Amino acid sequence: QVQLVESGGGLVQTGGSLRLSCAPSGSIFGINYMGWYRQTPGNQRELVASIIVGNSTNYADFVKGRFTISGDNAKNILYLQMSSLKPEDTAVYYCNFRGRRGWGAAWNYWGQGTQVTVSS
């Protein structure tokens, strides 16, 4: 079973920056989607940014111009560079990889989450 390991969360002041990273614990093949999501208590998990591998990126309106999603193809590491952080960005951030190995069953892996806290 592949596990995604997240790092880079922490406490910053309004206007500060953080870079989150996500890496699989083992070999992974057939990735076609990578994304970052976030969740606050009592709310649904929401999309922050995503990559359709080899095609495009997508951002939620509330982070456009402030966050950048990117990936290291050689190492299968996913990044989220967060700048101009606001208190409303405070949440647990989760990474997600999806894909299919050849014509086999589709797979979907989630990280355990990393806390980001932005103080006023």
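Because only heavy atoms are used, hydrogens play no part in the values below, and waters and symmetry mates are left out as well, while side chains stay in. Every value quoted in this text rests on a predicted model; they were computed, and no experiment measured them.
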Legend entry - Qualifying residues under side-chain contact (heavy atoms from CB on, under 4.5 Å), relative to Arg66, sequence neighbours excluded: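 Partners of Arg66 under the side-chain contact (heavy atoms from CB on, under 4.5 Å) test: Val63, Ser84, Lys86, Asp89.
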Legend entry - Cation-pi geometry met for Arg101 and Phe29 (6.0 Å, 45°): yes
Does the side chain of [X] reach to within under 4.5 Å of the side chain of [Y], using non-hydrogen atoms?
X: Thr40; Y: Val92; value: no
X: Asn108; Y: Phe97; value: no
X: Leu85; Y: Leu18; value: yes
X: Val116; Y: Met82; value: yes
X: Arg38; Y: Arg45; value: no
X: Tyr94; Y: Gln39; value: yes

Roughly how far, to the nearest 0.5 Å, is the [atom2] atom of [Y] from the [atom1] atom of [X]?
X: Gln81; Y: Ser17; atom1: CD; atom2: OG; value: 6.0 Å
X: Ser27; Y: Asn76; atom1: OG; atom2: CG; value: 9.0 Å
X: Arg100; Y: Asn32; atom1: CZ; atom2: CG; value: 8.5 Å
X: Leu80; Y: Thr68; atom1: CG; atom2: OG1; value: 8.0 Å

Inset, instruction - Let me see the working for Trp110 and Tyr37 under ring pair (Phe, Tyr, Trp, His ring centres under 6.0 Å), right down to the final yes or no. - result: CA-CA 10 Å; Trp110 287 90; Tyr37 296 75; 5.0 Å; yes
Inset, instruction - Kindly check if the number of other-residue, nucleotide or ligand heavy atoms within 6.0 Å of CD (Gln112) is above 12? - result: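 For Gln112, atom CD is not crowded (no more than 12 foreign heavy atoms under 6.0 Å).
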Legend entry - Whether over 12 other heavy atoms sit under 6.0 Å from Glu88 CD: yes
Inset, instruction - Assert yes or no for the condition that the ring centre distance of Phe67 to Trp36 is strictly below 6.0 Å. - result: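 No.
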Inset, instruction - Decide yes or no on side chain to side chain donor-acceptor pair (under 3.5 Å) for Ser120 and Thr14, but give the supporting numbers first. - result: CA-CA 6 Å; Ser120 299; Thr14 297; 5.1 Å; no
Inset, instruction - State yes or no: do Val5 and Tyr93 share one hydrophobic cluster built from I, L, V, M, F, W and Y residues joined by side-chain heavy-atom distances below 4.5 Å, directly or via other members? - result: no
Inset, instruction - Indicate yes or no for a side-chain donor-acceptor contact from Ser25 to the backbone of Leu4 under 3.5 Å, with no hydrogens or angles considered. - result: no
Legend entry - Side chain Glu6, main chain Cys95, donor-acceptor under 3.5 Å: yes
Legend entry - Short side-chain donor-acceptor distance under 3.5 Å, Thr117 and Gln115: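 Thr117 and Gln115 do have a side-chain donor-acceptor pair below 3.5 Å.
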Inset, instruction - List, by chain and then residue number, the residues other than Tyr79 in its hydrophobic cluster (Ile/Leu/Val/Met/Phe/Trp/Tyr, side-chain heavy atoms under 4.5 Å); write none if there are no others. - result: Ile77
Inset, instruction - Heavy atoms only: give me the nearest Ser7-Ser21 pair and the separation to one decimal. - result: OG-OG, 2.8 Å
Hey, can you pull the donor-acceptor pairs under 3.5 Å for the side chains in residues 47-61, sequence neighbours left out?
unit_1: Tyr59; atom_1: OH; unit_2: Ile69; atom_2: N; d: 2.9
unit_1: Asp61; atom_1: OD1; unit_2: Lys64; atom_2: NZ; d: 3.2

